[in-house]
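One structure is given below, encoded as structure tokens.
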Number of protein chains: 2
Amino acid sequence: MSKRINDLYQVKEKMYVATDCIIFGFDKGKLKLLIFKRKLEPLKGEYSLIGSFVRLDEDLEVAGRRVLREATGLENVFMQQLKTYGKKDRDPGYRCISVALYALIRIDEHDEELVEEHGAHWYELDQLPGLILDHDVMVNDALFQLKQNARYKPIGFELLPEKFTIPNLQSLYETIYQRDLDPRNFRKKVLSLNVLEKLDEKDKSTSKRGAYLYKFNEENYRKLLESGYHFEIA
Amino acid sequence: MSKRINDLYQVKEKMYVATDCIIFGFDKGKLKLLIFKRKLEPLKGEYSLIGSFVRLDEDLEVAGRRVLREATGLENVFMQQLKTYGKKDRDPGYRCISVALYALIRIDEHDEELVEEHGAHWYELDQLPGLILDHDVMVNDALFQLKQNARYKPIGFELLPEKFTIPNLQSLYETIYQRDLDPRNFRKKVLSLNVLEKLDEKDKSTSKRGAYLYKFNEENYRKLLESGYHFEIA
DNA sequence: TCAAAAGTGTTGGCGCTACACCCATGT
DNA sequence: ACATGGGTGTAGCGCCAACACTTTTGA
């Protein structure tokens with residue numbers, strides 16, 4: 001115990017910077033979050049976001065990508081700064097400021113084994129266990145941000161696999177907004193954006209008739225993002 | 001010189017966290033930024049934003065408010081996190097991560113003497129001198145954010161004095177958006193928000209006829225903010 | 001009396017919402 | 001043949017953009 005107190009004393013002499021990642025995924029019509037059961041002290045066995053200290057010789061953004069890669073095996077993930085959390089007592093062990101990032105990944109592309117190795121699990125949002133420290137707050141803030149962003153950018157697209165159907169996309173938006181959307185209006189709207197390319201394939205996994213698969217036209221998608229387009233789907 | 005190198009070596013052993021404030025003001029139809037001529041080494045005489053290291057026993061937000069108070073004498077300022085800058089070589093002297101904040105203040109309320117004391121000056125945006133480190137980037141990002149925020153929240157209001165005219169408000173938005181707005185449409189829109197209270201006074205400083213002064217109805221203004229109202233003035 | 005800014009209404013078009021039925025196909 | 005989800009069109013409404021003239025009053 002005296003060792004622990006000593007540790008505390010030492011570490012509070014120094015400022016640490018960490019990044020924590022709020023990793024969203026979308027699967028089977030559910031928005032999910034990747035969270036971790038801690039394998040090490042302190043707080044072993046508790047749930048948390050995944051994070052890491054930022055190394056002295058490492059760019060902040062690089063640290064974020066490193067954490068994501070270590071957790072999911074993915075390299076080119078959509079990632080964005082959320083907010084920096086800096087209450088002096090947010091972590092009882094260290095004086096640590098945390099830059100929270102949120103990431104959107106395609107669940108079907110992540111590396112399952114790597115995920116398992118880190119004691120990670122996908123949880124549906126309404127079944128999340130309590131998280132350590134201020135991680136619950138981070139998740140709430142990230143969700144809010146996700147909703148905001150989904151309004152003004154076609155951001156939800158990052159969460160779908162390469163080929164997807166319009167009902168898939170709609171279901172994603174319904175999950176984010178937490179309400180039903182009209183299928184006719186939704187279709188009209190997304191098609192009017194000119195970022196979808198209809199493929200000659202159908203996905204028959206959810207209906208007998210099957211739904212046409214689409215993919216993004218990268219070019220147009222990029223242009224849309226750049227133009228700061230206002231993407232409200234009501 | 002060897003002392004300098006020695007310093008560098010020492011400080012790069014440690015992580016520092018700073019906050020830098022992008023302080024916007026609005027005066028005489030111009031959007032201005034409060035910037036500082038450094039009185040101390042390193043980079044003495046160069047222009048920069050104002051900032052400070054975050055103390056070990058100080059909340060991040062408290063540090064931000066402290067910096068603002070020290071620079072302007074104001075306590076209850078609109079302040080918001082912008083972004084955290086963390087490139088490993090962003091500051092050649094320290095390994096320092098900076099949480100940038102942006103603030104909107106009413107120029108008429110700030111403490112002029114305090115401002116002078118810190119070697120601060122209000123610069124119009126298009127006449128800014130170059131700033132040290134990545135402060136130019138921060139300013140650009142803040143401007144972008146200001147524009148974004150002005151679209152969805154009646155944020156520009158923070159920049160005006162307590163009593164103001166509708167043409168004042170319009171001119172503020174024109175400055176932020178960098179384009180002219182139609183006075184009839186503008187007036188219609190802002191009045192429709194129900195946050196303005198017409199006073200029985202006129203401001204005759206800009207015309208013979210004079211323009212009615214307004215103030216905010218705090219109650220309704222707060223409600224509007226809470227409701228996440230979408231405030232686009234085109 | 002004139003210059004300079006404040007203040008005021010209307011119309012057309014576009015985009016959003018609401019709404020109900022047929023289609024394709026596997027079982 | 002029927003159940004299941006996929007796909008389609010239209011009409012009304014509200015909101016935004018465009019647009020020009022009158023009012024006030026100090027100089």
Side-chain angles (χ1 to χ4, degrees), chain A residues 28-30 150-152 154 160-161 163-175 177-215 224 227-234, chain B residues 28-30 150-152 154 160-161 163-175 177-215 224 227-234:
Chain A
K28 304 192 185 65
K30 303 279 185 182
R151 286 172 72 113
Y152 308 124
L160 292 173
K163 300 175 181 180
F164 54 90
T165 67
I166 291 186
N168 287 160
L169 187 56
Q170 177 172 347
S171 140
L172 169 58
Y173 273 85
E174 286 178 337
T175 308
Y177 289 150
Q178 304 274 32
R179 70 195 174 84
D180 292 344
L181 301 173
D182 181 285
R184 282 163 294 197
N185 295 339
F186 184 83
R187 182 178 292 267
K188 229 181 309 168
K189 177 83 182 217
V190 295
L191 288 177
S192 77
L193 296 179
N194 261 349
V195 294
L196 297 185
E197 264 174 45
K198 191 174 187 174
L199 303 176
D200 262 339
E201 280 172 89
K202 282 192 168 186
D203 168 21
K204 299 211 169 179
S205 66
T206 55
S207 80
K208 332 241 153 136
R209 178 177 177 180
Y212 278 104
L213 287 163
Y214 288 78
K215 62 172 188 152
L224 188 67
S227 73
Y229 181 74
H230 182 154
F231 182 78
E232 278 217 69
I233 289 189
Chain B
K28 303 192 186 66
K30 302 280 186 182
R151 286 172 72 114
Y152 308 122
L160 291 172
K163 300 174 181 182
F164 55 90
T165 67
I166 291 187
N168 288 159
L169 187 57
Q170 175 171 348
S171 138
L172 168 59
Y173 272 84
E174 286 178 337
T175 309
Y177 290 151
Q178 302 276 30
R179 69 193 174 86
D180 292 343
L181 301 172
D182 181 284
R184 282 163 296 194
N185 294 338
F186 184 83
R187 181 178 293 265
K188 228 180 307 171
K189 178 84 184 214
V190 294
L191 288 177
S192 78
L193 296 178
N194 262 349
V195 294
L196 296 186
E197 265 175 43
K198 191 173 186 174
L199 303 176
D200 261 340
E201 282 172 87
K202 283 192 166 186
D203 168 20
K204 297 210 170 183
S205 66
T206 54
S207 79
K208 331 241 152 134
R209 178 177 176 179
Y212 278 104
L213 286 163
Y214 288 78
K215 64 173 186 150
L224 187 68
S227 72
Y229 182 74
H230 183 156
F231 181 79
E232 279 217 68
I233 290 190

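So you know, we letter chains A, B, ... as the sequences are listed, proteins then strands, and number each from 1.
To the nearest 0.5 Å, atoms CD (B:Glu197) and CG (B:Asn194) are separated by 10.5 Å. Atom CG of A:Asp182 and atom NZ of A:Lys189 lie 13.0 Å apart (nearest 0.5 Å). Taken to the nearest 0.5 Å, the CD atom of B:Gln170 stands 10.0 Å off from the OG1 atom of B:Thr175.
Protein atom CG of A:Asp203 is 14 Å distant from nucleotide atom C1' of C:dG26, rounded to whole Å. Rounded to whole angstrom, the span from the NZ atom of B:Lys204 across to the P atom of D:dA27 amounts to 10 Å. If you take NZ of A:Lys189 and P of C:dA18, they are 14 Å apart, rounded to a whole angstrom. Across the protein-nucleic acid pair, B:Ile166 atom CD1 and C:dT8 atom P stand 8 Å apart, rounded to whole Å. Rounding to whole angstrom units, CZ of residue B:Arg179 and P of D:dC16 are separated by 13 Å. The distance between atom CG of A:Leu213 and atom P of D:dG6, rounded to the nearest whole Å, is 12 Å. One interatomic measurement links the two molecules: NZ of A:Lys198 to C1' of D:dG6, which rounds to 11 Å at whole-angstrom precision. For the pair A:Asp182 CG and D:dT8 P, the interatomic distance rounds to 14 Å; values are reported in whole Å.
Looking only at side-chain heavy atoms (C-beta outward), A:Pro167 and A:Arg187 come within less than 4.5 Å of each other. The shortest side-chain heavy-atom distance between B:Asp180 and B:Phe186 does not fall under the 4.5 Å cut-off.
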Under 3.5 Å, N/O pairs linking protein and nucleotides 10-14 of chain C:
from: C:dT10; atom 1: O4; to: B:Lys188; atom 2: NZ; distance (Å): 3.0

Listing time: all N or O pairs from protein to nucleotides 1-5 of chain C that are below 3.5 Å?
none

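A donor-acceptor contact closer than 3.5 angstrom links the side chains of B:Thr165 and B:Asn168.
The base of D:dA17 does not come close enough to the side chain of B:Arg184 for any donor and acceptor atom to sit less than 3.5 Å apart.
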Going by atom type alone, with no hydrogens or angles, which donor-acceptor pairs under 3.5 Å involve a side-chain atom of residues 205-215 of chain A and a protein atom two or more places apart or on another chain?
from: A:Ser205; atom 1: OG; to: A:Asp203; atom 2: OD1; distance (Å): 2.7
from: A:Ser205; atom 1: OG; to: A:Asp203; atom 2: OD2; distance (Å): 3.2
from: A:Ser207; atom 1: OG; to: A:Gly210; atom 2: N; distance (Å): 2.9

